[in-house]
Amino acid sequence: MKYNPKEIEAKWQKYWSDNNTFKASNQSNKPKYYVLDMFPYPSGAGLHVGHPLGYIASDIYARYKRHQGFNVLHPQGYDSFGLPAEQYAIQTGQHPAVTTETNINRYREQLDKIGFSFDWNREVRTSNPEYYKHTQRIFIQLFNAWYNKNTDKAESICTLIDLFSKEGNATVNAVSDENIEVFSADQWNAFSADDQERILLKYRLTYLAETEVNWCPALGTVLANDEIVNGVSERGGHPVIRKKMTQWSMRISAYAERLLQGLDTIDWSESIKEAQRNWIGKSVGASVTFNVKESNETIEVFTTRPDTIFGVNFMTLAPEHELVAAITTADQKAAVDAYIQATSKRSERERMADVKTISGVFTGAYAEHPFTKEPVAIWIGDYVLAGYGTGAVMAVPCGDERDYAFAKHFALQNGMPEIINIFNKDISEEAYTEKAGFELQNSDFLNGMDYKEGTKKAIDELEKIGQGKAKVNYRLRDAVFSRQRYWGEPFPVYYVNGLPKMIDPKYLPIELPEVEKYLPTEDGQPPLGNAINWAWDTVNNKVVSSDLVIPNESEGSQTIFPLELNTMPGWAGSSWYWLRYMDVDNENEIASKEAIDYWQNVDLYIGGSEHATGHLLYSRFWNKFLKDFNIVPTEEPFQKLINQGMILGMSAIVYRVSGTNKYVSKNLKGDYEVEELRVDVSLVNASDEIDIEGLRNWIPEFKEAEFILENGKYYVGREVEKMSKRWYNVVNPDDICNEYGADTLRLYEMFLGPLEQSKPWNTAGITGVFGFLKKLWRLYADDNGLIVTNDEPTAEMYKSLHKTIKKVTEDIENFSFNTSVSQFMICVNELQQQKCNHRAILEPLSIVISPYAPHIAEELWNMLGHTDSVSQQPFPKFEEKYLIESSKEYPVSFNGKMRFKIELPLDLTAEQIEEIIMNDERTQAQLQGKTPKKVIIVPGKIINLAGF
RNA sequence: GCGGGUAUGGUGAAAUUGGUAGACACGCCAGACUUAGGAUCUGGUGCCGCAAGGUGUGAAGGUUCGAGUCCUUUUACCCGCACCA
């Protein structure tokens with residue numbers, strides 16, 4: 001009987017599936033544990049060996065927790081809305097649902113081969129109408145909510161309407177749009193319904209507003225801030241421009257402080273928490289209002305340094321600031337217009353790329369210093385960002401590098417005064433930007449104060465004259481929620497007189513309509529504009545033909561209205577999916593109250609760190625919102641987060657001699673002028689030798705090629721980079737499963753190194769892991785079958801076993817899966833040397849190994865005569881007594897330097913050890929008559945004689 | 001610029017958290033056995049040295065009887081964020 005992974009893996013995968021072995025129940029006496037993977041987007045390329053890394057880790061943990069007596073929820077699903085399926089549809093006309101289905105089936109097949117213990121009864125797909133009807137429902141809930149700063153939570157919009165009709169909005173303390181006009185209760189009640197609705201939109205947690213968005217012309221859609229990397233789109237790398245559009249937004253800014261505070265309560269890596277803190281970007285300071293001279297306008301600025309108020313030399317507005325046109329003087333108009341024109345032409349990317357060039361122009365207008373009443377010149381400059389704070393700054397050159405550089409650059413020009421120094425520091429070369437170590441001067445009532453004192457005093461005085469107050473500013477912007485795409489969740493929204501109305505949740509889902517083309521319409525509408533049936537009948541409550549909408553008809557007589565043409569972004573469906581797994585078939589709610597109360601939140605979440613400021617932030621936001629309405633019981637959705645590292649590809653490179661069809665082996669390439677070409681990694685063996693015949697047959701380009709060899713071989717160069725089809729460096733897990741089996745793949749991926757570290761894939765060491773499994777097998781069986789006996793094992797054997805139980809338990813709890821694999825190898829080597837074939841050892845060993853290599857564990861367990869699954873056995877308990885040795889070898893060192901070892905019984909006191917050591921002849925030889933000043937003895941550990 | 005992280009043999013990496021550095025595996029060397037298998041088994045393998053011995057965890061200091069581990073300074077690389085007022 002030989003170890004035959006193919007056969008036993010197929011057998012046990014079928015067994016698990018037939019017996020529903022990993023089905024989780026929502027009712028149990030056991031404690032619950034929720035282990036979640038970030039669900040994949042089912043792309044056309046299928047899984048590569050990098051994808052399962054996190055899944056294997058979470059599967060080991062989930063299986064271990066089951067052994068430990070937990071009721072484990074370990075589900076899997078698909079984030080199945082997304083751009084690639086849509087782009088494929090545009091190219092081929094194939095419906096995205098069809099390609100998505102195909103891809104999912106392939107993913108499922110690949111996942112099943114690896115032997116995961118997912119409860120597939122709970123599978124979710126975000127593109128499934130039965131799923132997205134609940135995404136639509138949550139959207140409606142957000143629409144019907146506002147954020148009350150007094151109670152510090154979201155509340156039903158009804159309570160806000162109530163307040164408005166009783167007190168107006170002056171007393172309301174809400175997170176809302178800026179610059180809302182104050183109205184009384186009487187005024188509110190006198191407003192038309194439409195006007196009331198327009199006002200409410202400024203308070204709702206999801207709202208329709210004309211905002212400046214990131215528009216990607218190449219993709220034909222807007223993008224959220226986290227979907228833009230270095231000024232270009234994350235997908236495809238296309239340029240992105242700023243554009244004003246009416247879009248749905250999520251008022252995530254309402255939760256900025258809670259999102260920040262919550263980070264201290266969760267067990268995530270410091271780097272992700274820092275990334276989120278950075279993204280939220282809290283800064284504490286003050287807002288200061290400057291009156292514009294000879295005008296009724298005021299300019300509000302945000303500053304973190306109100307203590308430097310007397311150092312204000314001038315002000316700078318972003319070129320896009322709304323007041324620029326109003327305040328610019330006739331003299332300066334031409335220059336200002338030219339500057340605005342020039343900056344708007346520069347792309348975001350250009351503007352980011354060169355931060356060194358100083359540019360700006362004087363508007364000719366002056367503001368008035370709130371205290372000194374001196375004139376303060378108003379400039380515009382593109383170093384001030386329209387999107388941060390108020391888009392205007394008070395410039396204090398003596399205390400800020402950029403203001404300093406700006407002042408120096410435009411020194412002596414009209415509108416640029418001498419720099420005022422308010423610090424007792426030298427600022428002739430550069431600004432003094434420290435927040436400590438100075439005393440304020442030239443600062444009237446702030447003279448002599450430091451940062452802390454000055455800040456407080458300045459704010460107090462500003463409040464007294466009504467020109468400022470303490471303020472906390474966040475960098476976090478509201479998230480744009482509309483996408484001009486087809487393959488996403490439709491909004492449950494129709495429009496009456498241009499105002500959005502929610503469809504009653506009982507008529508959900510609003511299903512994606514069929515379209516002929518997946519491109520935008522000819523008049524620039526999103527793809528849903530192509531749908532024939534895309535209007536809402538408010539009498540029959542169903543989707544009807546768009547032709548039935550009567551344009552420009554007044555409301556009263558009409559009952560059919562156009563539906564929203566945008567769809568939701570990719571992160572909509574993934575912002576709550578962990579809740580759906582709890583109660584996947586629930587038709588009426590996202591999940592039942594009982595199910596959510598039982599499972600609470602995710603205990604362990606494993607996934608990539610690339611979602612730091614996207615999915616992981618949005619999910620926390622929605623969870624907090626749902627918490628405010630008591631739908632979920634916890635403030636945070638994911639208690640512990642582990643970020644698995646990326647598995648990189650090892651591209652293979654051949655060197656073509658320029659202008660020829662000759663290829664030169666790696667180490668000879670110095671003699672030629674060569675070009676590098678990437679070739680399929682599967683043609684290359686572990687020693688970097690290429691299979692020349694295979695290469696000739698790979699693509700026609702190499703058919704007639706000549707090869708310049710070294711030692712009769714052609715060696716390729718290697719490059720570590722992301723696994724990608726275009727580099728021909730993708731390794732498919734199926735190939736590994738076919739060659740060595742899933743258990744080897746699982747063990748090897750863990751053995752490769754620490755889970756959280758990125759590492760290149762190479763199969764050089766895989767035979768070691770495979771050899772271990774064969775060795776393990778041979779402990780149980782030889783060619784004639786089972787060799788296990790019921791004899792009593794030796795103390796040594798028990799020691800090997802319990803050492804392993806201890807180590808593996810600790811490792812799993814610390815997520816150091818790589819060292820567990822080493823421990824298994826040590827254990828099997830030891831048992832093999834002890835010729836161990838004792839049931840009392842091998843039975844518990846099967847269980848200990850089963851989280852890592854579940855198929856072979858099941859088979860061995862079965863061979864031992866059991867008829868149940870090993871996955872349901874209690875994990876063996878570690879017992880200290882088996883590890884206790886009768887005596888121990890102590891290292892004896894002199895001044896920290898190890899000299900010899902001495903064997904001593906374990907139960908000696910320090911004094912007894914000292915006596916034996918001092919009398920030992922080797923000690924005497926080392927001491928040569930000297931006496932140590934210090935003798936350090938830690939019983940069970942070390943002996944050190946020191947100080948001579 | 002700010003923040004997070006990493007650095008140990010030919011390679012992937014361990015190190016009970018301050019106590020024999022390099023476990024385990026790959027690779028390499030030597031040998032055994034052979035029913036030639038995807039073999040298997042045994043021994044060796046940081047570096048220098050025939051050896052005794054010396055030396056060694058990116059670099060330089062420090063604390064300590066003792067440092068890969070703690071402190072200070074520094075270098076290189078990786079990942080975020082970045083004109084954030």
Side-chain angles (χ1 to χ4, degrees), chain A residues 2-3 229-230 269-279 281-283 285 301-305 308 315-316 318 351-352 354-358 381-385 387-396 399-403 405-406 473-475 609-610 612-613 643 645-646 686-687 739-740 748 751-754 756-760 762-772 774-775 778 783 806-807 810 816 818-827 829 832-833 889-901 932-936 938 941-948:
Chain A
K2 268 166 59 175
Y3 173 48
V229 178
N230 296 328
S269 75
E270 211 39 55
S271 67
I272 296 266
K273 290 208 255 187
E274 270 306 312
Q276 291 208 350
R277 285 190 192 107
N278 207 319
W279 195 259
K282 180 181 184 176
S283 46
V301 301
F302 173 75
T303 178
T304 54
R305 298 294 303 274
T308 64
M315 310 184 65
T316 315
R351 241 169 107 168
M352 284 199 312
D354 105 274
V355 298
K356 290 281 171 279
T357 316
I358 295 160
D382 71 357
Y383 80 96
V384 178
L385 304 175
Y388 182 75
T390 61
V393 301
M394 57 178 223
V396 183
D400 183 281
E401 271 176 52
R402 294 151 306 170
D403 297 343
F406 198 82
N473 195 56
Y474 298 92
R475 201 162 64 88
S609 55
E610 66 273 20
T613 52
N643 303 113
M646 202 190 310
S687 319
E739 202 173 348
Y740 300 99
Y748 186 59
F751 184 70
L752 221 43
E756 307 198 36
Q757 190 176 303
S758 287
K759 52 227 156 191
N762 87 69
T763 48
I766 202 163
T767 54
V769 170
F770 188 54
F772 152 72
K774 287 191 284 190
K775 245 184 232 183
R778 281 197 306 275
D783 292 347
K806 180 168 192 264
K807 177 85 176 123
E810 287 169 359
S816 320
N818 53 333
T819 47
S820 282
V821 181
S822 296
Q823 182 57 43
F824 289 140
M825 295 185 184
I826 295 168
C827 179
N829 281 340
Q832 186 194 43
Q833 272 169 13
E889 265 198 343
Y890 281 75
V892 180
S893 53
F894 294 82
N895 269 348
K897 230 166 220 182
M898 221 281 286
R899 294 297 162 172
F900 60 87
K901 291 179 189 170
K933 288 206 183 82
K934 223 169 173 185
V935 179
I936 299 146
V938 184
K941 265 192 167 176
I942 56 147
I943 301 167
N944 189 16
L945 294 83
F948 38 81

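Here is the naming used below: chain letters follow the sequence lines, and residue numbers restart at 1 for every chain. FYI, side chains are in, hydrogens and waters are out, and symmetry mates aren't considered; it's all heavy atoms of this structure. This structure is a prediction, so every number in the text was calculated from the model and none was measured.
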Please determine whether a side-chain nitrogen or oxygen atom of A:Arg475 lies at a distance below 4.0 Å from atom OP1 or OP2 of B:A85.
no
Starting at atom OH of A:Tyr3, determine the distance to atom C1' of B:G37, rounded to an integer number of angstrom.
17 Å
Can you measure A:Met394 atom CE to B:A85 atom P for me and round it to whole angstrom units?
12 Å
Any idea which of B:A14, B:U40, B:C81 is nearest the A:Lys774 side chain?
B:U40
Beyond-backbone contact of A:Arg778 with A:Gln832, side-chain heavy atoms, under 4.5 angstrom:
yes
A:Glu610 near the nucleic acid: base, sugar-phosphate alone, or nothing, with a heavy-atom cut-off under 4.0 Å?
nothing
Which way is the base of B:U63 turned, syn or anti, if we draw the line at 90° from 0?
anti
Taking CG from A:Asn278 and P from B:C83, how many angstroms apart are they, rounded to a whole number?
11 Å
Closest to the side chain of A:Gln757, out of B:G80, B:G3, B:A13, is B:A13
A:Met646 CE to B:C79 P, in whole Å, measures 9 Å
Please convert RNA chain B into dot-bracket. A pair counts if it is Watson-Crick or G-U wobble with both distances under 3.5 Å; crossing pairs go in [ ] and bases paired with another strand get |.
(((((((..(((......[....)))((((((.......))))))(((....)))..(((((..]....))))))))))))....
A:Tyr740 versus A:Thr763, side-chain donor and acceptor atoms under 3.5 Å
no
Per A:Arg778 side chain, nearest of listed nucleotides B:G38, B:A15, B:U40
B:U40
What is the distance, rounded to the nearest whole Å, between atom CD of A:Glu401 and atom P of B:A82?
18 Å
A:Leu752 CG to B:U11 P: how many Å, rounded?
16 Å
Check whether any side-chain N or O of A:Gln833 sits under 4.0 Å from OP1 or OP2 of B:U42, and answer yes or no.
yes
On a whole-Å scale, what distance lies between the P atoms belonging to B:G10 and B:G19?
25 Å
Student check: side-chain heavy atoms of A:Arg402 and A:Val384 closer than 4.5 Å
no
On RNA chain B, nearest-nucleotide positions of A:Val393 versus A:Glu270: which is more 5'?
A:Glu270
Which of these nucleotides, B:A13, B:A82, B:G38, is closest to any side-chain atom of A:Asn818?
B:A13
Say you pick atom C1' in B:U35 and the same atom in B:C28; how far apart are they, in whole Å?
29 Å
Between B:G61 and B:G12, how many Å separate the two P atoms, rounded to a whole number?
28 Å
Out of B:G4, B:C83, B:C84, whichever nucleotide has its closest atom nearest the side chain of A:Glu274:
B:G4
Ignoring backbone atoms, establish whether A:Arg277 has a side-chain N or O less than 4.0 Å from OP1 or OP2 of B:C84.
no
Can you find a side chain N or O atom of A:Asn473 that sits less than 4.0 Å from OP1 or OP2 on B:C84?
no
Classify the ring geometry between A:Tyr383 and A:Phe406 as parallel (under 30°), tilted (30 to 60°) or perpendicular (over 60°).
tilted
Using a heavy-atom cut-off of 4.0 Å across all strands, would you classify A:Pro754 as base, sugar-phosphate, or nothing?
sugar-phosphate
Which residues satisfy the salt bridge (charged side-chain N to carboxylate O under 4.0 Å, His left out) test with A:Lys774, sequence neighbours excluded?
none
Syn or anti for B:G12, given that syn means the glycosidic angle lies within 90° of 0?
anti
A:Lys806 NZ to B:A23 C1', straight-line distance once rounded to whole Å:
15 Å
Specify the separation, in whole Å, of atom NZ of A:Lys282 and atom C1' of B:C84.
16 Å
Under 3.5 Å, N/O pairs linking protein and nucleotides 24-30 of chain B:
residue: B:A25; atom: OP1; partner: A:Asn829; partner atom: ND2; Å: 3.2
residue: B:C26; atom: O2'; partner: A:Ala764; partner atom: O; Å: 3.1

